[in-house]
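Notes follow the structure.
Index from 1, following the sequence. Everything numeric here is computed off the predicted structure, so don't read it as measured data.
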Amino acid sequence: SGTLDTVPANLTGLIEGGPVRGTLQITGNDLELVVTGTGTGNTAPTISDIANQSLSSSGTVGALAFTVGDAQTAVGSLQVTGSSSNTSLVPNANIVFGGSGANRTITVTPVSGLSGTTTITVTVSDGVLTAQDTFTLSVNAMYLSWATGAESFGGDANRDGVADGM
């Protein structure tokens, strides 16, 4: 039995990406831990804006350039993923990323012959925090144009008033 006088103990560690210092003091039956931070902590990664896109139903969007960054995590370690709000039009497997470091690309391939609209969400993660950018992809139906002039169907191609035959 008895009491301890103040006994300082220096502690160092990492809390949410920032270095901290602490002092543990025991006075009588009281225990006090004083922690002071010297770091900024973990901040979310960043991603640049990707503009909305429009294409015909037989096309592909890409490779669209964008950049990623993070104050605490090396850009080469950032994970980039994508998803489509309309997986019938653009399955998630049809969203492909390229590039390295801060400079990345995205290529999006809609299902051939389909038209419609989807929102593509691009997410960058440092393993703890994430940032997102979205863009709208409009896929327009392709229409074939047929020739309707008389010369296309064996009509009066030389315009002499006499049918040329087929």
Side-chain angles (χ1 to χ4, degrees), residues 12-21 35-160 163-166:
T12 58
L14 216 57
I15 296 177
E16 292 225 11
V20 296
R21 287 189 157 347
V35 178
T36 56
T38 58
T40 58
N42 191 18
T43 58
T46 59
I47 183 170
S48 65
D49 184 55
I50 303 170
N52 293 338
Q53 302 292 313
S54 181
L55 72 150
S56 68
S57 61
S58 63
T60 296
V61 171
L64 300 173
F66 65 98
T67 58
V68 296
D70 192 284
Q72 293 80 32
T73 305
V75 289
S77 297
L78 296 174
Q79 297 297 312
V80 180
T81 58
S83 63
S84 168
S85 67
N86 181 350
T87 55
S88 296
L89 180 63
V90 177
N92 290 335
N94 289 15
I95 302 172
V96 178
F97 294 96
S100 62
N103 300 309
R104 308 292 179 100
T105 61
I106 181 173
T107 301
V108 181
T109 306
V111 173
S112 183
L114 295 183
S115 61
T117 301
T118 186
T119 299
I120 304 296
T121 301
V122 181
T123 303
V124 58
S125 173
D126 65 7
V128 177
L129 300 174
T130 61
Q132 293 183 330
D133 184 56
T134 61
F135 66 94
T136 301
L137 173 63
S138 299
V139 181
N140 304 310
M142 274 186 57
Y143 296 101
L144 297 177
S145 174
W146 297 98
T148 58
E151 52 279 347
S152 299
F153 299 100
D156 187 10
N158 61 5
R159 302 195 193 295
D160 64 0
D164 297 327
M166 299 208 58

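Here the closest non-hydrogen pair linking N42 and L129 is O-CD1, 3.7 Å. In this structure, F97 and G82 approach most closely via the heavy-atom pair CE1-N, 3.4 Å. When all heavy atoms of L78 and R104 are compared, the pair lying nearest together is O-NH2, 3.5 Å.
The backbone N or O of G127 sits nowhere less than 3.5 Å from a side-chain atom of Q79 that would complete a donor-acceptor pair.
Within the model, atoms CG of N94 and OG1 of T118 stand 11.0 Å from one another, a figure rounded to the nearest 0.5 Å. Residue I47 holds its CD1 atom at 8.0 Å from OG1 of T67, rounded to the nearest 0.5 Å.
Partners of S112 under the side chain to side chain contact (heavy atoms under 4.5 Å, CB included) rule, at least two apart in sequence or in another chain, do not exist in this structure. For A63, the side chain to side chain contact (heavy atoms under 4.5 Å, CB included) partners two or more places apart in sequence, or in a different chain, are T105, T107.
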Report all side-chain donor-acceptor pairs from residues 132-139 shorter than 3.5 Å, counting only partners two or more places apart or in another chain.
unit_1, atom_1, unit_2, atom_2, d
Q132, NE2, T123, OG1, 3.1
D133, OD2, I50, N, 2.8

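No side-chain heavy atom of S84 sits less than 4.5 Å from a side-chain heavy atom of L89. Considering only heavy atoms from C-beta on, V61 stays 4.5 Å or farther from I120 through its side chain.
Of the residues listed (S54, S115, S56), the one engaging N140 in a side-chain hydrogen bond (donor to acceptor under 3.5 Å, both in side chains) is S54, and it is the only one.
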